[in-house]
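Everything on this sheet refers to the single structure shown next.
Treat the numbers as computed from the prediction; the structure is a model and nothing was measured. When reading the values below, keep in mind they use all heavy atoms of this one structure, side chains included, and skip hydrogens, waters and symmetry mates.
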Amino acid sequence: SLPEVHSRPIYAIDWEKGGARMIATGGGDDAVCAIEATLPEPGSAKPASLRLVARVAGAHRGDVNSVAVAPAERGDGLLASAGDDGVIRLWRRA
């Protein structure tokens, strides 16, 4: 649980397919966030551990309604976001 990632509702979430553990979120606070998940061993009752990797405040001039994470096997570290401002932005993860 990461209660302080967004200050307003989260409207979009996507995760990196292909074995990587990156989650992207977009919200009503105009921010885009990248979160790293560490999964427990199979069969464990422990929840996943989440760590905020990056937060871009003011990523859009309005709510962020959509995020998409490029597949891990591509290796380019791209994340796309779209918001109420009518803009699509591409972000490269460090």
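Heavy atoms only, all atoms of each residue included: A48 and L39 are closest at CB-CD2, 3.8 Å. Taking every heavy atom of both residues into account, D30 and D63 meet most closely at OD1-N, 3.3 Å. Residues E16 and R21 approach most closely at OE1-N, 4.3 Å, considering heavy atoms. The heavy-atom pair separating G27 from H6 by the smallest distance is N-CE1, 3.6 Å. Between I23 and A37 the shortest heavy-atom distance is CD1-CB, 4.0 Å. When all heavy atoms are compared, the tightest approach of V5 to R55 is O-NE, 2.8 Å.
Here the side chain of D84 pairs no donor or acceptor atom with the backbone of G62 at under 3.5 angstrom. Between the R8 side chain and the D29 main chain, no donor and acceptor come within less than 3.5 Å of each other.
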TODO: Verify side-chain contact (heavy atoms from CB on, under 4.5 Å) between T25 and I35, making sure each step is shown before the conclusion.
DONE: CA-CA 8 Å; T25 61; I35 300 161; 4.1 Å; yes
TODO: Starting from the C-alpha separation in whole Å, work towards a yes-or-no answer on side-chain contact (heavy atoms from CB on, under 4.5 Å) for H60 and R89.
DONE: CA-CA 8 Å; H60 287 271; R89 298 194 192 283; 3.7 Å; yes
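Heavy atoms from other residues, nucleotides or ligands lying under 6.0 Å from CG of L52 number more than 12.
We find the OG-CD1 distance between S66 and I88 to be 8.5 Å, quoted to the nearest 0.5 Å.
Connectivity analysis of hydrophobic side chains (ILVMFWY, heavy atoms under 4.5 Å, direct or indirect) links L79 to V32, V56, V64, V67, V69, W91.
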